[in-house]
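A quick write-up on the structure given underneath.
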Amino acid sequence: MKEKELRLALVCYGGVSLAVYMHGVTKEILKLVRASRVYHHDLARSHQASATYLDVDHDDRETDTEELYFELIQAIGQSLELRVFVDTIAGASAGGINGVLLARALAHDLPMDSHRKMWLEQADIVALMDEKHLAGKWDKLFMKPIFWGLTDKWLSRYAPDIEMRQKLQLFTRSRWFQPPFSGAIMSGMLLDACLSMGEAAPANASLLPTGHRLDLIVSVTDFHGYSQHIPLHDPVSIREREHRHILKFSYFQHPSGAIDSDFDREHVPGLVFAARATSSFPGAFPPARIGEIEKVLNDRELEWSTREEFLHENFKPLIAAGSDPVKASFIDGSVLNNKPFAEAITAIRGRPAYREVDRRVVYIDPDPKGGRLEAGGAAPGFFHTIRGALSDIPRNQPVRDELEALHDFSERVRRYRQIVSATRPHVRQRIARLFDGKALTDPTPELLASLRNSANAQAALEAGYAYDAYIQLKVSSVLDQITGIIADLSEAVHHPSDRLALSRAVEAWAKEREIFPVHWFTHATQGMEPSKEDSWVRFLREFDVGFRVRRLRFVVRRLNELYEGIGAGENIYYNPDALDDFKAQLYRSLERLQSETRTRLRSTETTLLCKAIYDDGVAEPHEIDGFTAHVAPRLNLVGLDREVDEAFTQLAQMPLPAEVRVELLQAYVGFPFFDVLTLPLNKWQDLDDVDTVQVDRISPEDAKAIREGGAPATLMGRDLGYFAAFFSRRARENDYLWGRLHAADRLVDIVASSAPGAVAKSGIDLAQLKAKLFRSIIKAERPHLANVPELMADLEREIKIRFGDEKADEEAAIFQNA
């Protein structure tokens with residue numbers, strides 16, 4: 001059966017007290033991903049069609065909409081194996097907090113049940129303020145008559161909730177001219193939230209498929225900034241202060257079972273600091289400092305065993321500039337980067353893809369209209385202008401540039417596919433001449449190696465002068481990889497000017513060692529084929545990991561296309577288990593190339609060599625000679641080629657149609673013909689498995705299944721400059737519930753759009769599925785949301801009007817099944 005992955009890269013916007021709404025959204029995303037994981041990982045394929053979610057999931061955690069998402073994936077599974085998971089999260093401010101908590105839950109399959117209490121009870125101004133700073137009975141009595149005198153005139157318009165007005169009055173009488181909220185209390189609240197999730201059980205539990213990495217990117221703002229060099233022509237460089245800063249965390253489970261995680265208990269303090277720093281709203285909270293989280297940990301007698309690792313990995317530019325991250329002060333990440341699209345887009349490129357992939361960037365925007373700034377109208381007043389310039393306008397800048405860049409990327413992918421499709425018939429003819437029928441009967445590793453070499457030579461001769469540019473590009477790409485390895489492991493390359501100098505030194509070394517081919521076209525016109533004695537051929541054989549990875553991904557894509565063709569009704573008999581087994585072998589080979597080569601390059605000996613190369617700021621040719629001589633035998637790419645050849649020889653023994661075997665062997669052996677054409681188009685940049693990236697949004701403006709009107713018609717936390725939910729439990733309950741409902745609405749749309757054919761074949765009624773999801777959410781949350789009974793009643797009435805009566809639907813379903 002055809003397989004497909006729906007990969008979500010989440011971008012979580014800032015929104016101050018709309019953080020509560022975003023918690024509802026991220027909680028629902030977790031439930032969808034967990035339902036997918038249970039269906040595909042915990043069930044044998046033979047039981048997937050008949051099992052229910054509760055047959056498999058017996059964990060002691062709240063369960064409601066997971067059952068319905070399971071039914072959706074199960075219905076799609078009749079004709080398509082669709083896996084849904086999140087592998088990238090980028091967040092700022094309120095989105096940063098929710099991104100941190102969601103990432104920890106995804107990495108280790110942890111519950112977020114306890115977070116409801118945190119958001120509803122502790123995200124309150126009274127809970128967030130130190131008791132000594134709260135107004136007492138006699139504090140600032142002169143404010144009371146002023147406050148209540150203004151209430152009837154205008155305050156009820158902005159604070160309609162009586163609790164909101166009472167706490168606003170208390171707030172205005174409390175401490176002035178200092179941040180009213182306590183950073184330590186906030187850090188403690190976030191620490192409790194992370195620890196309350198517990199630990200993974202079993203230890204390797206995760207909602208990420210094995211071999212896939214989860215990246216969390218949190219933006220913060222360094223208040224004082226750090227100095228950095230910017231290379232110019234004249235002067236050679238200038239110094240500029242950088243205030244933007246990114247904190248990164250990741251999770252990866254190797255096929256061997258080994259786990260690299262920044263989300264386990266030992267790394268919780270770093271996660272808490274990231275959440276606290278990104279949400280340090282100027283004026284509301286004091287700037288976040290390392291000392292604050294250390295004090296909170298000391299007061300609770302907790303250790304931070306990964307402190308040095310956290311500082312070293314996340315503050316390299318700051319440390320390189322001579323600053324101490326412990327003394328730095330960080331404020332809200334949304335000040336300079338409220339919509340971290342660029343970081344998410346960068347993170348998703350180059351991801352290995354073992355199946356057909358539907359890549360989505362999904363951004364969560366609680367209030368797309370951006371609040372109070374209106375287009376046109378009267379000229380803004382004095383204070384309105386200052387606030388807009390300092391806060392509103394920067395936070396609401398559009399992401400057009402990032403989305404246009406993403407569109408251009410997708411267009412390059414589309415053109416790539418067109419070129420491959422148009423070229424395949426011509427390549428098939430050339431490969432058929434090379435095969436001469438031999439590889440179809442009983443191919444050996446030696447024969448495949450010979451065919452690969454012949455294909456390389458034939459592609460070189462037939463490409464003519466274009467091959468010159470192709471080889472120059474291949475060599476340059478490998479040199480760029482070598483530069484990156486040395487720069488990364490030496491830890492001495494801190495500025496763009498340093499990287500540029502190192503790159504020039506590596507390039508000069510390559511020219512001196514004659515690794516760049518010269519006048520290749522002249523040799524080709526004389527019928528001379530590339531030889532293993534050529535320095536550039538030896539260099540690429542020993543170091544060109546990228547070519548091998550591209551080749552295997554190309555075969556995987558061809559295999560997925562065969563799945564799609566067979567599923568579309570082509571008259572080809574095949575054994576799906578055999579094709580799955582071969583695909584699994586390709587995945588293992590890809591893992592060997594990507595993971596093992598990376599591990600081999602990061603040995604202690606290699607690290608010491610890299611440190612020695614750039615310890616004096618100059619990379620000498622003999623030092624690079626030492627590096628390549630050390631690395632080549634450890635990479636052993638020629639040996640890995642032989643292992644892949646052996647995997648392809650097993651293809652002949654599999655119960656597959658001859659035409660399927662031919663297609664896969666042609667894709668493998670004939671890849672050089674395609675690479676000559678497509679590498680210049682890709683500019684050696686990773687295009688994942690060459691898939692387009694689409695963008696979806698989750699917001700009140702898009703989730704219209706229950707109520708239209710967007711954020712003004714649904715959310716209360718957008719009042720009082722987006723602080724309203726901090727002043728009212730009712731507002732928090734309202735926004736949290738709408739977050740779950742809106743997310744359920746949009747997630748069904750996103751999943752269905754990823755598998756429209758399978759949804760149509762299944763006959764599932766998406767509108768009624770949404771209605772069931774909404775009712776399930778309301779039923780589950782009713783015991784916890786005592787302050788919004790009117791909202792519950794309104795929702796039930798609106799759902800009934802739009803989707804019909806629940807009992808009537810159930811009776812109709814029973815009658816239909818009978």
Does one side chain, of [X] or [Y], offer a donor that lies under 3.5 Å from an acceptor on the other?
| X | Y | value |
| --- | --- | --- |
| Y53 | R34 | yes |
| E292 | S187 | yes |
| H267 | D264 | yes |
| H245 | N314 | no |
| S36 | R83 | no |

**Message:** Tell me if a side-chain donor or acceptor on R116 pairs with a main-chain N or O of H784 at a distance below 3.5 Å.
**Reply:** no

Can the ring centroids of [X] and [Y] be said to lie less than 6.0 angstrom from one another?
| X | Y | result |
| --- | --- | --- |
| F315 | F310 | yes |
| H212 | F85 | yes |
| F281 | F181 | no |

**Request:** Could you check K27, K779, K31 and say which one makes a salt bridge (charged side-chain N to carboxylate O under 4.0 Å, His left out) with D64?
**Result:** K31

**Message:** Test of understanding: with side-chain contact (heavy atoms from CB on, under 4.5 Å), list the residues that count as partners of S305, not counting sequence neighbours.
**Reply:** E266

**Message:** Just verifying a value: how many Å separate F727 CZ and D124 CG, rounded to the nearest 0.5 Å?
**Reply:** 9.0 Å

**Asked** Quick one: CG on L747 to CG on L773, what's the gap to the nearest 0.5 Å?
**Response** 9.0 Å

**Item:** Closest non-hydrogen atom pair, L190 against I97
**Value:** CD2-CG2, 3.8 Å

**Complete:** Closest non-hydrogen contact found for L715 with P700 is CD1-CG, 3.8 Å

